Amino acid sequence: MASRGWRACQRQDGRPVGLCGLVKRDGLKDPDLGYAFLASVWGRGYASEAARACLDHARRALRLGRIVAITTPGNTASQAVLKKIGLKAAGVVRLPGKDEDSAYFVSEG
């Protein structure tokens with residue numbers, strides 16, 4: 001699967017505020033849902049809306065079953081987004097070439 005990603009923009013002015021998408025990351029068997037947003041829009045629901053839309057697209061259009069996500073263990077806001085859209089905490093994983101573990105989340109389609 002190739003990487004697929006989308007830019008997230010504010011409705012009122014079209015200003016880009018972040019991105020969300022699916023990637024095939026070394027060290028993970030399944031597609032990885034990832035997102036990043038400007039700090040100025042944190043807490044406004046952009047990550048939840050974009051991640052949910054991306055997950056729905058992965059299931060409906062791409063017919064993917066299992067989707068995973070990683071985040072730093074201390075990033076509780078990102079972990080809350082992943083839980084909100086239905087992913088479950090599944091421990092930790094260390095990706096190739098990394099010195100630290102990542103919190104690992106899974107979703108069965």
Side-chain angles (χ1 to χ4, degrees):
M1 182 190 95
S3 298
R4 292 182 181 257
W6 296 273
R7 179 176 49 201
C9 299
Q10 291 183 329
R11 285 191 178 116
Q12 61 269 34
D13 61 9
R15 182 174 72 97
V17 293
L19 56 89
C20 185
L22 298 169
V23 297
K24 180 59 184 103
R25 194 181 301 266
D26 288 342
L28 297 177
K29 177 182 167 196
D30 302 295
D32 173 31
L33 171 66
Y35 48 86
F37 288 85
L38 298 174
S40 61
V41 300
W42 288 356
R44 296 187 187 176
Y46 285 100
S48 295
E49 182 179 348
R52 182 174 288 113
C54 188
L55 186 59
D56 287 346
H57 177 75
R59 289 184 173 146
R60 292 184 181 149
L62 302 177
R63 299 188 186 277
L64 298 175
R66 184 176 164 104
I67 305 293
V68 301
I70 59 169
T71 185
T72 57
N75 189 342
T76 56
S78 190
Q79 292 173 28
V81 167
L82 295 173
K83 291 175 184 176
K84 184 176 183 179
I85 66 167
L87 276 72
K88 306 284 187 226
V92 296
V93 64
R94 182 161 301 178
L95 298 178
K98 301 292 181 180
D99 294 331
E100 296 182 12
D101 290 337
S102 295
Y104 184 60
F105 290 77
V106 299
S107 173
E108 299 293 340

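All of these numbers come straight from a predicted model, not from anything done at the bench.
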Which heavy atom in [X] sits nearest to a heavy atom in [Y], and how many Å separate them?
X: L38; Y: P16; answer: CD1-O, 3.8 Å
X: A8; Y: F37; answer: CB-CE2, 3.5 Å
X: W6; Y: C54; answer: CZ3-SG, 3.6 Å
X: A51; Y: I85; answer: CB-CD1, 3.7 Å

* Are Y46 and L19 co-members of a hydrophobic cluster defined by side-chain heavy atoms under 4.5 Å apart? ->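 As far as the 4.5 Å side-chain criterion goes, Y46 and L19 are not connected within one cluster.
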* Asked: Is W42 linked to V17 within one hydrophobic cluster, defined over Ile, Leu, Val, Met, Phe, Trp and Tyr using a side-chain heavy-atom separation of less than 4.5 Å?
  ->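 Yes, W42 connects to V17 through the hydrophobic network.
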Please list, chain by chain and in numerical order, all residues satisfying salt bridge (charged side-chain N to carboxylate O under 4.0 Å, His left out) with [X], sequence neighbours excluded.
X: R15; result: none
X: R94; result: D101
X: D56; result: none

Working to the nearest 0.5 Å, report the span between [atom1] of [X] and [atom2] of [Y].
X: L95; Y: E100; atom1: CG; atom2: CD; result: 11.5 Å
X: Q79; Y: L87; atom1: CD; atom2: CG; result: 11.5 Å
X: N75; Y: I70; atom1: CG; atom2: CD1; result: 11.5 Å

[X] side chain near [Y] side chain, heavy-atom distance below 4.5 Å:
X: L22; Y: L33; result: yes
X: Y35; Y: T71; result: no
X: V93; Y: V68; result: no

* Asked: How about D99: does its CG atom have over 12 heavy atoms from other parts shown lying under 6.0 Å from it?
  ->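 Incorrect, the count does not exceed 12.
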* **The single option from K84, R11, R44 passing salt bridge (charged side-chain N to carboxylate O under 4.0 Å, His left out) against E49** =>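 Passing option: R11.
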